[in-house]
Every structure is written in structure tokens, then in C-alpha cells.
Trainee: 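First the structure, then my questions, so here it is.
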Amino acid sequence: MHSYLRSLTSEKIYVFWFVWNDFEFPGEGFAGVKWHRHSYEPRYNYGSGECERFIEHICSLGLPVIIEEELHHTMELVNRLDGRTAAIIPHLGMLNGGYQRLKDAGLFENPAVYVDTALASIREVEDFAACYGVERILFGSDFPFGNPVYERTKVGKIFNREDLEKVLSQNLLQLLQKRI
């Protein structure tokens, strides 16, 4: 799968390495890391030396990490990244314990934590923007689970033209350029 994804890399497509419990290092050409586990799937061995080496490696490369994990693991991973690279929380945390729980835990106060808008409610997106600004909001659709047209229309209702451009593209491009 990683070979196929790498073959898609272009000026307009940014592929992310999917980390699994073997903590294999990402190869060349990956723009970030996808750390994705549901509660019913096997747990990652977070206490292993392999996990620690993996985290150190991706931080040294500045690869942003999309984290979709249970709440306590999400908090632990962001703490272990320690601002050395960006953490992206999909769906404004819907599958990481919920937006409000992450907000109450202070996760979004961390300037290295970004969110994406996929499947999030308008209220949550508006609240994040009001509390933390728009610079750490990334557009997401979660296709095929979400509808890209609906998701685009949703963010179009929330943001003015300037902020919409940031959310739709500029924020992500700036984030990815930080590591170059």
C-alpha cells in the first residue's frame, strides 16, 4: 500500500504514511503520518522502544501526524510529540473522544495541534475558530464516508473569503512547507 501511495505523490497530492504496530519508518516521499486506530482494533505497543524510535524519527523529519485514537492515547501522543511536529486531529476530535472533551482537556491550546473539518458540526468549527483562530483549521471531507461537496458547502457558510482560502488550502500548504 505504501508503495502505491508513494507512486501518487505529485505537486498536488500529498501522501501520508500509515503507521502500524511494527512502527516501520516512513520511506521517502511521504508528507506526513496517519496514526489511526479504533478502540476495537489491536492496541499499539506505546511503551516499546520501537514506538519511541518511530516518534523520534518522525519528529526529526518534521512530519505532521494525523492522530485518530482513543482520548487518552491521543493526549499521550500529542504530549510525546511535544511540539516538535504538528498533530492533526481529524473531525475536530469526533473519534478521539469528542470535541468538547478535547477542548476541556486543553488539547487545542497547544499551537502545534491542528484540526480538520471533516464531519464536524458547524457549531464545533465555529467554536474552534472563535477560540483559537482559523490558522490551524484544515479542510477535510473524509471521503468516502463524508461528501466533499457537502463538506465544502459547510465551511463556505462559516468563513469569509479570506479565511475560507486559509481553511481550504493555505493552512495545509504552510504546514507542509514548514518541514521543507
Side-chain angles (χ1 to χ4, degrees), residues 11-19 30-38 58-59 61-180:
E11 204 172 285
K12 294 185 179 187
I13 297 177
Y14 303 96
V15 295
F16 278 58
W17 178 265
F18 190 94
V19 63
F30 288 89
V33 172
K34 173 76 172 182
W35 201 301
H36 186 256
R37 189 190 74 81
H38 297 104
I58 61 175
C59 286
L61 296 175
L63 294 175
V65 183
I66 298 172
I67 302 172
E68 193 164 332
E69 243 292 10
E70 294 173 80
L71 177 65
H72 61 286
H73 291 306
T74 297
M75 299 301 290
E76 176 188 346
L77 282 169
V78 171
N79 286 335
R80 290 173 75 178
L81 295 175
D82 193 28
R84 295 174 292 162
T85 194
I88 303 168
I89 307 299
H91 321 297
L92 274 146
M94 178 175 61
L95 298 175
N96 296 70
Y99 174 73
Q100 194 61 51
R101 288 178 71 197
L102 292 172
K103 182 179 179 185
D104 291 346
L107 182 70
F108 302 132
E109 300 291 334
N110 184 332
V113 173
Y114 290 69
V115 296
D116 91 13
T117 62
L119 308 177
S121 73
I122 288 175
R123 182 198 62 75
E124 291 169 338
V125 176
E126 289 174 333
D127 185 73
F128 188 95
C131 293
Y132 311 106
V134 299
E135 288 72 22
R136 295 185 288 134
I137 301 175
L138 310 173
F139 173 75
S141 69
D142 202 32
F143 181 81
F145 305 105
N147 179 317
V149 173
Y150 171 79
E151 295 296 327
R152 168 58 178 84
T153 302
K154 175 181 74 182
V155 296
K157 291 177 182 178
I158 298 170
F159 299 107
N160 64 39
R161 184 182 185 123
E162 181 181 330
D163 288 343
L164 185 61
E165 287 300 313
K166 290 177 183 177
V167 170
L168 291 177
S169 64
Q170 291 172 2
N171 292 343
L172 177 63
L173 293 173
Q174 287 177 353
L175 174 63
L176 295 176
Q177 288 172 357
K178 285 182 184 180
R179 61 173 294 273
I180 296 173

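Just so it is clear, the values below take in all heavy atoms, side chains as well, and ignore hydrogens, waters and symmetry mates.
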Trainee: Working to the nearest 0.5 Å, report the span between CD of Glu76 and CD of Glu70.
Mentor: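 Reported value, rounded in 0.5 Å steps: 11.5 Å.
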Trainee: Calculate, to the nearest 0.5 Å, the distance between atoms NZ and CD1 belonging to Lys34 and Ile67 respectively.
Mentor: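 Rounded to the nearest 0.5 Å, the NZ-CD1 separation comes to 10.5 Å.
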Trainee: To the nearest 0.5 Å, how far apart are CE in Met94 and CG in Leu119?
Mentor: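 Result: 4.5 Å between the selected atoms.
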Trainee: Please determine if Arg123 and Glu126 form a salt bridge, counting it only when a charged side-chain N lies under 4.0 Å from a carboxylate O.
Mentor: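 Not counted as a salt bridge, because no side-chain N and carboxylate O are separated by less than 4.0 Å.
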Trainee: For the atom pair OH (Tyr114) and CG (Leu172), what is the distance rounded to the nearest 0.5 Å?
Mentor: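 The CG atom of Leu172 is 9.5 Å from OH of Tyr114, to the nearest 0.5 Å.
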Trainee: Can you name the closest pair of heavy atoms from Leu81 and Ala86 and give their distance?
Mentor: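 Residues Leu81 and Ala86, closest heavy atoms: CD1-O, 4.5 Å.
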Trainee: Do His73 and Arg37 come close enough that some side-chain heavy atom pair is under 4.5 Å?
Mentor: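 Yes; the side chains approach each other to less than 4.5 Å.
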Trainee: Residues in salt bridge (Lys or Arg N to Asp or Glu O under 4.0 Å) with Asp142, at least two apart?
Mentor: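 Testing Asp142 for salt bridge (Lys or Arg N to Asp or Glu O under 4.0 Å), a comparison that skips the adjacent residues, returns none.
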Trainee: May I have the list of side-chain donor-acceptor pairs in residues 105-112 shorter than 3.5 Å, sequence neighbours left out?
Mentor:
residue : atom : partner : partner atom : Å
Asn110  : OD1  : Ala112  : N            : 2.8

Trainee: Indicate the ring-plane relationship of Tyr132 and Phe128, choosing parallel, tilted or perpendicular according to the 30° and 60° boundaries.
Mentor: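 Ring orientation, 0 to 90° scale: tilted.
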Trainee: Can you confirm whether Arg84 is buried at CZ, in the sense that more than 12 heavy atoms of other residues, nucleotides or ligands lie under 6.0 Å from that atom?
Mentor: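 Buried by this count: over 12 neighbours within 6.0 Å.
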Trainee: Are any non-hydrogen side-chain atoms of Leu168 and Arg152 less than 4.5 angstrom apart?
Mentor: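 When only atoms from C-beta onward are counted, Arg152 and Leu168 do touch, with a gap below 4.5 Å.
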